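Structure, as structure tokens:
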Amino acid sequence: QVQLVESGGGLVQAGGSLRLSCAASGRTSSNYATAWFRQAPGKEREFVAAIRWSGGSTRYADSVKGRFTISRDNVKNTVYLQMNSLSPEDAASYYCAVGPTLWSTAAGYTYWGQGTQVTVSS
């Protein structure tokens, strides 16, 4: 089992920045990948970004490329999502998830956190 705890969400003005954190504990593995997904009310869960623990390969959704950066701290078992130039369209609950590779679909991930809310005011 892997436990995930997200933090860092909050209220930010359009154009602002936030950094989300996802702390992992339990049976973590360097073979895993960690992803961020988001879900706005009435919408499906959407892939945002993912990173492999070993090697650090990354994958991004087109909608966030150039604005969001995913990174990891292997010592702290924590993955970060730096979000810049935020717009109201980025407002959602953000979830981190752990799975075997850089899938862009939610079904590819086994373990999920409880989510952290991001609100962007216009």
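All of these numbers come straight from a predicted model, not from anything done at the bench.
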Atom CZ in R27, atom CD in Q3: separation rounded to 0.5 Å? 11.0 Å

dist R19:CZ -> T69:OG1 (nearest 0.5 Å) comes out at 11.5 Å

Distance col, row Y95:OH vs T116:OG1, nearest 0.5 angstrom, shows 10.0 Å

Which heavy atom of L86 sits nearest a heavy atom of L18, and at what distance? CD1-N, 3.9 Å

Roughly how far, to the nearest 0.5 Å, is the SG atom of C96 from the CD atom of E6? 4.0 Å

Could you tell me which non-hydrogen atom of N84 sits nearest to which non-hydrogen atom of Q82, and how far apart they are? OD1-NE2, 2.9 Å

Restricting to pairs with a member in residues 56-80, which pass ring-ring contact (aromatic ring centres under 6.0 Å, His included), not counting sequence neighbours? none

Pick from W36, F47, F37: which one makes a ring pair (Phe, Tyr, Trp, His ring centres under 6.0 Å) with Y109? F37

Might you work through the side chain to side chain contact (heavy atoms under 4.5 Å, CB included) test for V118 and M83, ending with a clear yes or no? CA-CA 10 Å; V118 172; M83 306 186 296; 3.9 Å; yes

Heavy-atom neighbours of W112 CH2 exceed 12 at 6.0 Å: yes

If you define the side chain from C-beta out and look only at heavy atoms, does anything of R59 sit under 4.5 Å from S104? yes

Correct closest heavy-atom pair for C22 and L4 would be SG-CD2, 3.9 Å

Calculate, to the nearest 0.5 Å, the distance between atoms CD and CD belonging to E44 and Q39 respectively. 8.5 Å

Table please: side-chain donor-acceptor pairs of residues 7-16 below 3.5 Å, with sequence neighbours left out.
none

Linking I/L/V/M/F/W/Y whenever any side-chain heavy atoms sit under 4.5 Å apart, do Y94 and Y111 land together? yes

Nearest 0.5 Å, please: how far is OG in S63 from CD in E46? 4.5 Å

Side chain to side chain, V64 and R38, heavy atoms closer than 4.5 Å: yes

